[in-house]
Amino acid sequence: MIELKNAGFNYGGRDILSDMTLRLSPGSFHFLTGPSGSGKTTLLNLCYQALMPTTGMVRIFEQDVRAMTRDDVARVRRRIGVVHQNCQFLDHISVRDNLTLPLAVSGRESEVDQGNVDDLLSWVGLSERGDALPPELSGGERQRAALARAIIMSPDLILADEPTGNVDWEMAQRLIALLVELNRMGKTILIATHDLNLIRNTKSEVSARVLRINNTKLQLAGADL
Amino acid sequence: MDRLRSIFEVFSGDTNADRVVPPSGFTSRLTSFTAGAMAFLTVFALALSLATGRLADRWDAELARTSTIRIAAPEGQLAAQSEAVLEVLRTTPGIASARVMSDAEQRKLLEPWFGPDLPLDTLPVPRLIEVLEEGKGPDMAGLKLRLSAEAPGAVLDDHTRWRKPLVDAATRLRLLGLVSIMLIAGSMAAMITLAAQSALAANGQVIGVLRLIGARDVYIARAFVRRFTLRALIGAAIGTALAMIGVAFMPAPAEEGAFLTGLGFVGWHWFLPLIVPVIAAVVAFWATRLAAFRALSRLS
Ligand SMILES: Nc1ncnc2c1ncn2[C@@H]1O[C@H](COP(=O)(O)OP(=O)(O)OP(=O)(O)O)[C@@H](O)[C@H]1O
Ligand SMILES: [Mg+2]
């Protein structure tokens, strides 16, 4: 699904990631952890071609990113739901319209079912906020809306960057439960977080692998969690 | 083929593409105003070009066909010399007819300078003979030689002396009008490109979000292209309409100052300005499309 082979990335000569080899197979559940500034967001960016690796190879859905046209990138992104660390929306249309935007831009506007949108909003606890404009949402509400937008297309892969960073423990549990549910439906999940409690808690629900970025390298975290 | 499809995509299907870009009242009004002003100027440049074109053709045709012979001779010889000149003209190939202007006609010609009460018969006023040419016209140099032999007081004025620069000027004016139209179209393309670029720059977040959720470049470009094309079309339509009204209300062509009053459209030429809004829309379409794809290709 996603494959990195000796992939590296540097900003202006400073190595952020180096020699990363990783394979996300369909239906797998991964956590990505590491200190702030270690490159978690950078790694996620490589996984949906928001950044091009400076060395090594990245393959997304069996396609080498270096050989992708801009339209190819658009097409693979329709199969990937991304929750950004600081999520952005179209600020002039309602939350509800933002959620259905991924369907609209891929020409599947006719598949929009307001009933489903209502369900989605209530899953992420935003039933009351559907008609609000994004700038009127709190930080946690934005993250929940971003998660809802990420899954509306029923993507094969979900990349979530600190999806629980701004919500209370209870809401965090609920959002993770939603992602676990999606994983049971066969979706591949990768969550970047430094909340170790959340990871421990989830590992009892689902067999998740925990990856850690340490000093630009990727490690598999073991029993110490 | 792909390109053709993307052109049609601008106007068909997903009207939502418009909605994804926030409305921007000010730039949109500026774009419409610019297109309107440019269309207005284009219609006038067009009217000027067409009118000077007509004028050049008419002068060329009319002036080429006539010339005048002026006979200045002592009172007693005037009639004889006139007869001699007419005789020469009759035997010259390329001349359709020649006639001596009557006193009344001559008085009319001189009236603006000397007033109505001119005692023509007591003044040594030269006699005028109007010559209408046919075919390629006579051999002017030969005719002059023969005239000076037969009637020493006769001077041939073949109009070419002052006809040529006038026709040249009119032709040049028409060319300048056409160049102006090109420049106006170019300026409009430049201004719409700038407006589109500023709209693209102002909507960086929108573009980022759309790319993130899998929008293709055509989808994003379409939102901008459609908006600018429509604005240019509407603005130019209004500008064209106003200019056409302006031209329609020019005073009717009159004998005096035929150039100024003749500045308008004639017959089917009235349909020509109607393509101005279409051209404005096409220019806006390509300007915005190029600007959009160039801006998008710089983003990840
Ligand atoms: N555009 C950029 N230009 C230069 N350096 C950058 C840029 N973006 C990120 N970095 C640097 O790359 C490193 C990794 O950043 P990244 O955002 O991937 O960290 P992170 O692990 O996601 O951190 P956090 O947990 O705080 O979100 C950081 O040191 C950051 O300063
Ligand atoms: Mg980060």
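Computed from a predicted model, the values in this text were never measured in an experiment. Letters go in sequence order (proteins before strands), and every chain restarts at 1.
Counting heavy-atom neighbours within 6.0 Å of B:Phe33 CZ, excluding the residue itself, gives a total of 12 or less. Heavy atoms of other residues, nucleotides or ligands lying less than 6.0 angstrom from CZ of B:Arg172 number 12 at most. Sparse packing is recorded around CE of B:Met182, with 12 or fewer heavy atoms of other residues, nucleotides or ligands lying under 6.0 Å away. More than 12 heavy atoms of other residues, nucleotides or ligands lie within 6.0 Å of CZ in A:Arg66, so this atom counts as buried by the packing criterion. Other residues, nucleotides and ligands contribute only 12 or fewer heavy atoms inside 6.0 Å of the NZ atom of A:Lys5.
With chain B as the partner, the residue from A:Ala74, A:Pro155, A:Ser106, A:Ala150 showing the most heavy-atom pairs under 4.5 Å is A:Ala74.
Heavy atoms closer than 4.5 Å to chain B are found in the side chain of A:Arg149, but not in its backbone. Proximity to chain B involves both the backbone and the side chain of A:Leu101, based on heavy atoms less than 4.5 angstrom apart.
No side-chain donor-acceptor contact under 3.5 Å links A:Arg78 to the backbone of B:Ala215.
Heavy-atom neighbours of chain A within the stretch residues 193-207 of chain B, taken at a separation under 4.5 angstrom, comprise B:Gln205, B:Val206.
Scanning all heavy atoms of the two residues, the minimum distance from A:His92 to B:Val21 falls at NE2-C, 3.7 Å. When all heavy atoms of A:Arg77 and B:Gly214 are compared, the closest pair comes out as CB-CA, 3.9 Å.
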When the side chains of residues 81-89 of chain A are checked against the rest of the protein, which donor-acceptor pairs come out under 3.5 Å, sequence neighbours left out?
{"unit_1": "A:His84", "atom_1": "NE2", "unit_2": "A:Tyr48", "atom_2": "OH", "d": "2.7"}
{"unit_1": "A:Gln85", "atom_1": "OE1", "unit_2": "A:Thr41", "atom_2": "OG1", "d": "3.0"}

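Atom CG of residue A:Leu99 and atom CD1 of residue B:Ile213 lie 10.5 Å apart, to the nearest 0.5 angstrom.
The side-chain heavy atoms of B:Arg216 and A:Arg70, taken from C-beta on, include no pair separated by under 4.5 Å.
Within the structure, no pair that satisfies the side chain to side chain donor-acceptor pair (under 3.5 Å) test touches residues 175-185 of chain A, not counting sequence neighbours. Contacts classified as side chain to side chain donor-acceptor pair (under 3.5 Å) and involving residues 115-132 of chain A (residues at least two apart or in different chains) are given here: A:Arg96-A:Asp118.
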